[in-house]
Amino acid sequence: METETKKRTGMYENVMRQFNRAADVLGLDEGIRKILGSTNSEIVVHFPVKLDNGKIEVFNGYRVQHNNALGPYKGGLRFHPTVDIDAARALAIWMTWKTALAGLPYGGGKGGVTIDPSKYSAAELERITRRFTYALGDNIGPDVDIPAPDVNTNPQIMAWIADTFASTKSPATRMLNLHVVTGKPLGSGGLEGRDRATGFGVVVTIKEWAKLNNIDLAGKTYIVQGFGNVGYWASHFMEELGAKLIAVQDASGAIYNKDGINPEELDAYAKQYKGAVAGFPSASRMEAEDFFGVDCDIIIPAALGNQITMDNAHVIKASLIAEGANGPTDTVAEDFLLEKGVKIIPDILCNSGGVIGSYYEWLQNKRSENWKIADVLHLLEDKISIAFNKVVETSDSFNTDWRTGAYMVALSRIEQTYKERGVFP
Ligand code: GLU
């Protein structure tokens, strides 16, 4: 874990290479390129928390606000040892493209705490979350910057953030602040369906790919890296379509069953072991390094960034990679895979269901309403399908890959805003 902690993720270099490539094809205005090539603000906080044993520990927290030309900053907070300023920058930048591509009135932000949450008790995590929120102060807010769940953060953590943020406001305005975060539990202003929104959206994009290629997903095989919120829900909806999950990998190891792994059974099993899939009785263990080489039709990376690199790209047999995670494919590996004819549904499109769900939660809170899950899923499917088709159309007309096409749609929207409004003063 020590070396893992210190190893840089390389995501920042990746996002900048993707950006520069798309900006070149688009011929993005030089000034706007400079604006979008840097982040608006970067908040770094060091905050003390008393642990259960009475000792004090100081934690490092981050919130990077990349760009807010289209609206308040929006994006998750992750609790993970790999969180550092560069990771937060990269992830914030991806959020700007993601929200712009989906046509949401948001900019991009991201942050988190450098921590392995499995090493702390629930009470410690609550104090860490509350003290981090307090340290961020008014840098976040319902119309300023709206965090959400990401790796290792969940509705409970969002409820603590909302409560802490609201508790620091005057009694008269306290309850107007709950939508400072999205992804909250249902009793605290959460949206029905937000829990499954990212995984559902991943499957919407896979269905669109299948439709485009006249492919029947029933009986198709797929593998999933990471069995957290995104990996589980994506598998749940793939199962509904009759597709077969044959391998899963996470930090605990990799498991394989050519006859299929039932996502619901795996979820029930993993819940007993802090989310770990290793040891699942209805599958056999496989070497983690063989995971991406599994003979299957679709790969859903739903864990961390830079997982598909030149170390494993050559063993990939799947014809589609649907990026449930942010930044799972390194740009060099991507070029190699595209050359081989592998299609990649880019993260900023593929996993945009999460932030789109967040947008509906935010609207629900602003309007003091309670939305129904069927309506939420319907709206989500619609919005993601529109974005998917726009990406395909743009990629086709510029003869470029889907990621570059997705960036071009996002960048053009932001460019238009800057051109209309100008740069103050
Ligand atoms: N963390 C998710 C993402 O990377 C969701 C962000 C949000 O809902 O604001 O897209």
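Start at 1 with the first residue, then count along the sequence.
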Ring-face cation contact, Trp402 with Lys343, 6.0 Å cut, 45° max: yes
Taking atom types as modelled, find out whether [X] and [Y] have a side-chain donor-acceptor pair closer than 3.5 angstrom.
X      : Y      : answer
Ser358 : Arg194 : yes
Thr96  : Asn67  : no
Asp290 : Tyr256 : no

Return the orientation label for the [X] and [Y] ring planes: parallel under 30°, perpendicular over 60°, tilted otherwise.
X      : Y      : result
Tyr360 : Trp371 : tilted
His236 : Tyr232 : tilted
Phe47  : Phe132 : parallel
Phe59  : Tyr120 : perpendicular

Atom NZ of Lys340 with >12 non-hydrogen neighbours under 6.0 angstrom: yes
Does this structure show an ion pair linking [X] with [Y], if we count only N-O contacts that are shorter than 4.0 Å?
X      : Y      : result
Asp297 : Lys244 : no
Asp24  : Arg21  : no
Arg17  : Glu13  : no

Side-chain heavy atoms of Tyr359 within contact of Lys74, under 4.5 Å: no
Under 3.5 Å: donor-acceptor pair, side chain of Ser252, backbone of Ala278: yes
